[in-house]
Amino acid sequence: MKIGKSAGRQRTGREAVDKERQLHPDVVLIDFAMPSMNGIEAAREIRAANPETVFVLCSMYLDNQLESVARELGINSVLSKKQCSSIKQ
């Protein structure tokens, strides 16, 4: 499998949206709990501009409501922080 460029780690949801606009990655791994804009809000903004982007949402607050909102938005996968920590850049 070929791995493309990494966008690195962004501290806030706004930084994630801005970096996505610069690099247009195929996959965005995003945390739910981020300052200035949570992962759902950031994914919504990114999805509006780039509907083909694949999203993996990570959260330590996994519950049915969060997963339902994420799925409605088109988040491709919702994982626990523990599961996400095994994903390497």
Exercise. Supply the atom-to-atom distance Q10 CD to E20 CD, rounded to the nearest 0.5 angstrom.
Key: 11.0 Å

Quiz prompt | Carboxylate-amine/guanidinium proximity below 4.0 Å for E45 and R14 | solution = yes

Practice problem: For the residue pair L73 and L57, establish whether any side-chain heavy-atom pair is separated by less than 4.5 Å. | Solution: no

Practice problem: Give the minimum heavy-atom separation between A42 and G13, together with the two atoms involved. | Solution: CB-O, 3.9 Å

Self-check item: More than 12 heavy atoms from other groups under 6.0 Å of CG on D63
Solution: yes

Quiz item: How about F55 and I46: do any of their side-chain heavy atoms sit closer than 4.5 Å?
Solution: yes

Practice problem: Indicate yes or no: at least one non-hydrogen side-chain atom of I30 is less than 4.5 angstrom from one of C58. | Solution: no

Quiz item: Is there a donor-acceptor contact under 3.5 Å from the side chain of E41 to the main chain of N38?
Solution: yes

Practice problem: Identify whether V56 and V17 are in the same connected component of the hydrophobic contact network (ILVMFWY, side-chain heavy atoms under 4.5 Å). | Solution: no

Quiz item: In the single-linkage hydrophobic clustering (I, L, V, M, F, W, Y; side-chain heavy atoms under 4.5 Å), do L79 and F32 co-cluster?
Solution: no

Quiz item: Side chains of L62 and V78: does their closest heavy-atom pair fall under 4.5 Å?
Solution: yes

Exercise. May I ask you to say whether R71 pairs ionically with E67, meaning some side-chain N is under 4.0 Å from a carboxylate O?
Key: yes

Quiz prompt | Separation of S36 OG from E15 CD (nearest 0.5 Å) | solution = 7.5 Å

Quiz prompt | Cluster check L29, M34: I/L/V/M/F/W/Y, side chain < 4.5 angstrom | solution = no

Exercise. With the side chain counted from C-beta on, respond yes when D31 and M60 share a heavy-atom pair under 4.5 Å apart, and no when they do not.
Key: no

Exercise. Check the surroundings of atom CG in D26: do more than 12 heavy atoms from other residues, nucleotides or ligands lie under 6.0 Å from it?
Key: no

Self-check item: E52 CD: over 12 foreign heavy atoms closer than 6.0 Å
Solution: no

